[in-house]
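Have a look at the structure below before the remarks.
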Amino acid sequence: MTKRYWLMKSEPDVYSIDDLKKDQTTWWEGVRNYQARNFMMQDMQIGDEVLFYHSNATPPGIAGLGQISALAAPDQQQFQKKSEYYDPKATPQKPIWFCTQVRFVKKWKSLISLELIKADKKLAKMVVVQKGSRLSIQPVSAEDFHYITQLAEAVGKK
DNA sequence: GCCAACGTTGGC
DNA sequence: GCCAACGTTGGC
């Protein structure tokens, strides 16, 4: 299985890259979109690399890197009545929502902002810059991933 | 806070 | 199975 690359969005007010740095690993709970869930359930492999994206932030953009550290397992939040992610249709025997575990790799010295991604013609195919794209977990091509990490390293050295 | 774009729900 | 209504996402 060849390594894959992903972009995973999180609102930093809820869970930021600093939180991941502190925790080192986290289960990516709270995804309630089937397309995003299916990427985690069906496509993610241990070792896949992740662009950690800050959404609803000022400015929005990619804050650093993570890596998939465990395959998808039932999202425990769906069973907890007090959770905002509670799903009354789910049972432990028949879970509906699954999530992978993400490990902290690196926080970049400066954010690769959405503005910068949009301005770079080489990155025009990225899902995150497509109009109306709200998907919180997106596949990223190996080419785009490597280009962005190089960009981040270069910017960090300035 | 606004609102365009998108996903989901539920009546028919 | 259609589609209007509603809720959510997320940039601005």
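Residue numbers start from 1 in every chain, and the chains themselves are labelled A, B, ... in the order their sequence lines are given, proteins ahead of strands.
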>> Return whichever of S133(A) or N56(A) has its heavy-atom-nearest nucleotide of DNA chain B closer to the 5' end.
In response: N56(A)

> Does E143(A) CD have over 12 foreign heavy atoms under 6.0 Å away?
Replying inline: no

>> Rounded to whole Å, please give me the gap between CG in L135(A) and P in dA5(B).
In response: 17 Å

>> Can you identify which nucleotide, out of dA5(B), dT8(B), dC12(C), has its nearest atom closest to the Y34(A) side chain?
In response: dT8(B)

> Taking atom P of dA5(B) as reference, at what distance in whole Å does atom CD of Q35(A) sit?
Replying inline: 18 Å

> In whole angstroms, how far is the C1' atom of dT8(B) from the CH2 atom of W97(A)?
Replying inline: 10 Å

> Tell me: CD of Q138(A) to P of dC6(B), nearest whole Å?
Replying inline: 13 Å

>> One pair to check against salt bridge (Lys or Arg N to Asp or Glu O under 4.0 Å): R4(A) and D43(A). What are the steps and the verdict?
In response: CA-CA 8 Å; R4(A) 299 187 192 202; D43(A) 300 314; 3.6 Å; yes

> Of K131(A) and R32(A), whose closest DNA chain B nucleotide lies nearer the 5' terminus?
Replying inline: K131(A)

> Over how many whole Å does the gap from M8(A) atom CE to dG10(C) atom C1' extend?
Replying inline: 18 Å

>> Could you go through R32(A) and D75(A), starting from their C-alpha distance and side-chain angles, then the distance that decides it, and tell me whether this counts as salt bridge (Lys or Arg N to Asp or Glu O under 4.0 Å)?
In response: CA-CA 10 Å; R32(A) 296 293 177 268; D75(A) 179 338; 3.0 Å; yes

> Where the side chain of P60(A) is concerned, which of dG11(C), dA5(B), dG7(B) is the nearest nucleotide?
Replying inline: dG11(C)

> Between W6(A), F104(A), W28(A), which is the residue that forms a ring-ring contact (aromatic ring centres under 6.0 Å, His included) with F52(A)?
Replying inline: W28(A)

> Taking CG from D13(A) and P from dG11(C), how many angstroms apart are they, rounded to a whole number?
Replying inline: 12 Å

> Over how many whole Å does the gap from N33(A) atom CG to dG10(C) atom C1' extend?
Replying inline: 14 Å

> To the nearest Å, how far apart are L116(A) CG and dG11(C) C1'?
Replying inline: 16 Å

> Of the nucleotides dT9(B), dT8(B), dG11(C), which one has an atom closest to the side chain of K89(A)?
Replying inline: dT9(B)

